[in-house]
Amino acid sequence: MLEMRNVCKSYPGKKTGGRIEVLNHINLTLEQGKTVGLMGKSGSGKSTIARILLMLEPADSGEVYFHGEMIDRKNKSQMKDFRRRVQYISQHPESFLDPNWRIGRSVMEAAKIYGKQEKAEWELGILLEQVKLNRAVFDRYPHQVSGGEIQRAALLRALILEPEVVILDEATSMLDVSVQAQILNILKEIQQRKSIAYLLISHDRGVVSWFTDHIKELRSGRLLESQSGEQNKF
């Protein structure tokens with residue numbers, strides 16, 4: 001579904017003056033209804049993979065494909081459709097919500113931008129139930145709710161756009177264990193209903209092993225196959 005093929009990426013070295021290779025001919029495929037876990041040390045390039053998959057940062061070489069079609073960042077129509085269908089949730093979900101707006105407005109603004117407002121309003125009750133978010137949260141500002149509620153609101157904002165892929169970059173790492181487990185269970189339930197493809201980026205091997213179907217590790221710019229997921233209980 002969403003692929004990167006032979007992607008290379010390097011950055012200027014601060015001390016050496018040369019370039020530091022971060023990604024070396026990376027191939028990665030996200031499939032419908034499946035979850036890939038991505039692990040690696042801090043600074044290894046995990047978030048760089050996410051940004052390239054999201055077309056937020058260009059690769060030095062290699063390409064990104066969606067449903068077998070190469071993504072052209074110069075094609076505005078294609079990019080707008082791509083950005084709706086491929087969503088991103090980070091460890092700072094509050095960054096997706098305007099601090100000066102009530103949460104409901106921020107959530108529905110995304111639907112408005114992509115022409116999904118009418119359908120979103122029609123299905124809002126179902127979506128709120130799926131992410132286990134109280135409707136009253138819509139009338140509050142981000143600073144007035146808990147971290148778990150913020151993460152649920154960010155998830156709702158993504159789901160309202162009917163994505164096919166969701167990239168989760170340390171999306172639950174800032175939450176306590178009980179809330180983290182709740183969010184991960186919600187994500188699994190939603191995946192079973194909608195066959196969404198997930199990429200989970202995390203340092204927590206227990207979470208990755210439990211949540212994912214396949215695990216990849218990024219080491220020295222190369223992507224290595226690790227154990228398959230769902231082997232441990234979280």
Side-chain angles (χ1 to χ4, degrees), residues 1-9 23-39 45-90 96 110-120 122-123 126-127 130-131 154-169 171 186-202 208 211-216 218 222-226 228-230:
M1 182 185 288
L2 181 61
E3 303 175 70
M4 56 166 47
R5 300 180 188 174
N6 293 314
V7 165
C8 297
K9 183 68 180 181
L23 304 179
N24 183 3
H25 295 284
I26 298 296
N27 293 289
L28 179 64
T29 301
L30 304 181
E31 299 177 353
Q32 184 178 12
K34 299 292 184 180
T35 302
V36 173
L38 179 58
M39 301 192 70
K46 301 185 303 297
S47 292
T48 300
I49 285 179
R51 289 194 299 271
I52 292 174
L53 279 172
L54 289 159
M55 303 301 290
L56 296 176
E57 183 172 342
D60 295 342
S61 61
E63 303 294 345
V64 174
Y65 289 80
F66 189 49
H67 288 291
E69 183 178 359
M70 189 175 71
I71 302 300
D72 179 5
R73 67 179 63 250
K74 295 178 182 178
N75 185 327
K76 292 182 179 181
S77 176
Q78 184 191 44
M79 284 304 303
K80 184 175 181 179
D81 184 57
F82 175 81
R83 296 206 185 286
R84 178 189 67 77
R85 296 163 73 185
V86 180
Q87 288 292 300
Y88 174 69
I89 300 175
S90 76
F96 296 90
K112 182 179 178 181
I113 289 170
Y114 289 97
K116 294 281 183 179
Q117 187 171 9
E118 185 176 343
K119 187 174 183 182
W122 179 262
E123 297 180 346
I126 296 172
L127 291 170
Q130 287 178 357
V131 301
L155 178 56
L156 176 60
R157 183 182 181 276
L159 291 176
I160 220 162
L161 299 177
E162 301 180 309
E164 297 173 41
V165 179
V166 177
I167 295 175
L168 305 158
D169 191 355
I186 288 169
L187 286 165
K188 278 209 165 192
E189 290 172 9
I190 289 168
Q191 186 180 54
Q192 289 170 359
R193 290 192 190 102
K194 300 178 180 290
S195 294
I196 297 172
Y198 291 145
L199 173 65
L200 176 69
I201 299 171
S202 176
V208 174
F211 187 74
T212 66
D213 299 294
H214 305 284
I215 302 174
K216 306 281 189 178
L218 193 57
R222 295 186 179 276
L223 204 55
L224 308 176
E225 189 78 31
S226 187
S228 60
E230 295 195 6

Intermediate values then yes/no, side-chain contact (heavy atoms from CB on, under 4.5 Å), Gln130 and Ile186 = CA-CA 7 Å; Gln130 287 178 357; Ile186 288 169; over 6 Å; no
Can you list everything that forms a side chain to side chain donor-acceptor pair (under 3.5 Å) with [X]? Sequence neighbours excluded, please.
| X | result |
| --- | --- |
| Asn75 | none |
| Gln32 | none |
| Glu31 | none |
| Gln117 | Glu121 |

Let me confirm one number: the [atom1]-[atom2] distance from [X] to [Y], rounded to the nearest 0.5 Å.
| X | Y | atom1 | atom2 | answer |
| --- | --- | --- | --- | --- |
| Ile49 | Ile167 | CD1 | CD1 | 10.0 Å |
| Leu187 | Leu200 | CG | CG | 8.5 Å |
| Arg193 | Lys188 | CZ | NZ | 14.5 Å |
| Lys80 | Ile113 | NZ | CD1 | 8.0 Å |
| Ser90 | Leu168 | OG | CG | 10.0 Å |
| Leu2 | Leu53 | CG | CG | 5.0 Å |

Taking every non-hydrogen atom, the tightest pair across [X] and [Y]:
| X | Y | result |
| --- | --- | --- |
| Tyr65 | Gly68 | CD2-O, 3.7 Å |
| Val208 | Ser202 | CG2-CB, 3.6 Å |
| Gln78 | Asp72 | OE1-N, 2.8 Å |
| Val165 | Met1 | CG2-SD, 3.5 Å |
| Ile160 | Ala111 | CG2-CB, 4.0 Å |
| Lys46 | Leu218 | N-CD2, 3.6 Å |

Side chain proximity check, [X] to [Y], heavy atoms < 4.5 angstrom:
| X | Y | result |
| --- | --- | --- |
| Thr29 | Val36 | no |
| Cys8 | His25 | yes |
| Lys216 | Met39 | no |

Worked check of side-chain contact (heavy atoms from CB on, under 4.5 Å) between Met4 and Glu63 = CA-CA 6 Å; Met4 56 166 47; Glu63 303 294 345; over 6 Å; no
Donor-acceptor check, side chain of [X] to backbone of [Y], threshold 3.5 angstrom: yes or no?
| X | Y | result |
| --- | --- | --- |
| Asn27 | Asn6 | yes |
| Asp213 | Thr35 | yes |
| Gln191 | Ile196 | yes |
| Arg85 | Leu161 | no |
| Arg83 | Met55 | yes |

Return the orientation label for the Tyr198 and Phe211 ring planes: parallel under 30°, perpendicular over 60°, tilted otherwise.
-> parallel
Salt bridge (Lys or Arg N to Asp or Glu O under 4.0 Å) filter on Arg222, not counting sequence neighbours, yields none
With sequence neighbours excluded, tell me which residues meet salt bridge (Lys or Arg N to Asp or Glu O under 4.0 Å) with Lys119.
-> Glu162
Other residues, nucleotides, ligands: >12 heavy atoms within 6.0 Å of Lys34 NZ | no
Decide yes or no on side-chain contact (heavy atoms from CB on, under 4.5 Å) for Arg51 and Lys9, but give the supporting numbers first.
-> CA-CA 11 Å; Arg51 289 194 299 271; Lys9 183 68 180 181; over 6 Å; no
Knowing that exactly one of Leu28, Leu223, Ile52 qualifies, which makes a side-chain contact (heavy atoms from CB on, under 4.5 Å) with Leu23?
-> Ile52
